[in-house]
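Scroll down for the structure; my scribbles are underneath it.
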Amino acid sequence: DTEVTQTPKHLVMGMTNKKSLKCEQHMGHRAMYWYKQKAKKPPELMFVYSYEKLSINESVPSRFSPECPNSSLLNLHLHALQPEDSALYLCASSQERQGAAGNTIYFGEGSWLTVV
Amino acid sequence: GESVGLHLPTLSVQEGDNSIINCAYSNSASDYFIWYKQESGKGPQFIIDIRSNMDKRQGQRVTVLLNKTVKHLSLQIAATQPGDSAVYFCAEISGGADGLTFGKGTHLIIQP
């Protein structure tokens, strides 16, 4: 079982809604990530937080807003999404940023998002 | 574009047989490789990793082989079981870079 916990597991939201995805890890990891995965595709990196500071934003639209309240929590705030944003959103964590070889990255089970 | 890819989208093997999943990469600066297993409806699960200064690493029923000369990575699963059915992704990290780069994935189907 993964030690990265994501909630909710499923979310259906309208294009005018504001919602949030939550991620929590208690492994003492200092790097946390958001990935987006469309059906039958590999995960794609969205954001990287290192020591609670945003270090990478892979040109993600501003309707996705990440937040790292503390070293164990990572949120993804969603506003004015489009139907094409429907996907599996994966949170991951690692001891340090991914640039360090041998730095294993652990994924949560994901939040399935449907935008209607 | 992607620097990591896979040769086959689907691989079907008989239960009890060994399976080999292949992955090619193009970035010679890649120095760390990971194999993930993703079951339907779940997140990617870490299986095994290997650094570029190694050419083989073994785990429980799994072996990863790295051939840097031809930029090829493979995952061998011994005595496959029904629970091995999943999509398998290879992923790589280049030194100093952020972000795992994933291959396209191979769907492993175990036939009874």
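Values below: all heavy atoms of this structure, side chains included; hydrogens, waters and symmetry mates excluded. So that the names make sense, note that chain A is the first sequence line, chain B the second, and so on, each numbered from 1.
Applying the 6.0 Å contact sphere to NZ of A:Lys19 captures no more than 12 heavy atoms from other residues, nucleotides or ligands. Other residues, nucleotides and ligands contribute over 12 non-hydrogen atoms within 6.0 Å of the CD atom of A:Glu24. Within a 6.0 Å sphere centred on CD of B:Gln60, heavy atoms belonging to other residues, nucleotides or ligands number 12 at most. Other residues, nucleotides and ligands contribute over 12 non-hydrogen atoms within 6.0 Å of the NZ atom of A:Lys38. A 6.0 Å sphere centred on CE of A:Met15 holds no more than 12 heavy atoms belonging to other residues, nucleotides or ligands.
Distance alone, capped at 3.5 Å, places no donor-acceptor pair between the A:Glu109 side chain and the B:Lys42 backbone.
Ring-plane geometry between B:Phe46 and A:Tyr106 is classed as tilted, the angle between the planes lying from 30 to 60 degrees on a 0 to 90 degree scale.
Contact of the B:Leu100 side chain with the A:Glu44 side chain is not registered, since no non-hydrogen atoms from C-beta on lie closer than 4.5 Å. Between A:Leu45 and B:Thr101 there is no side-chain heavy-atom pair separated by less than 4.5 Å.
Closest heavy-atom contact between B:Gly43 and A:Leu90: CA-CD2, 3.8 Å. Considering every non-hydrogen atom in both A:Pro42 and B:Gly103, the closest pair reads CB-O, 3.2 Å. Among all heavy-atom pairs drawn from B:Phe89 and A:Gln37, the shortest one is CZ-NE2, 3.7 Å.
Under a hydrophobic clustering in which Ile, Leu, Val, Met, Phe, Trp and Tyr are joined whenever their side-chain heavy atoms come within less than 4.5 Å, directly or via other members, B:Phe33 and B:Val64 fall into the same cluster. Cluster membership check: A:Met46 does not share its hydrophobic cluster with A:Phe107, using side-chain heavy-atom separations under 4.5 Å among Ile, Leu, Val, Met, Phe, Trp and Tyr.
Of the two parts of B:Gln38, only the side chain, counted from C-beta on, holds a non-hydrogen atom closer than 4.5 Å to a non-hydrogen atom of chain A.
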Audit row: B:Ile34, A:Thr104, side chain to side chain contact (heavy atoms under 4.5 Å, CB included) steps and yes/no: CA-CA 8 Å; B:Ile34 309 172; A:Thr104 305; 5.6 Å; no

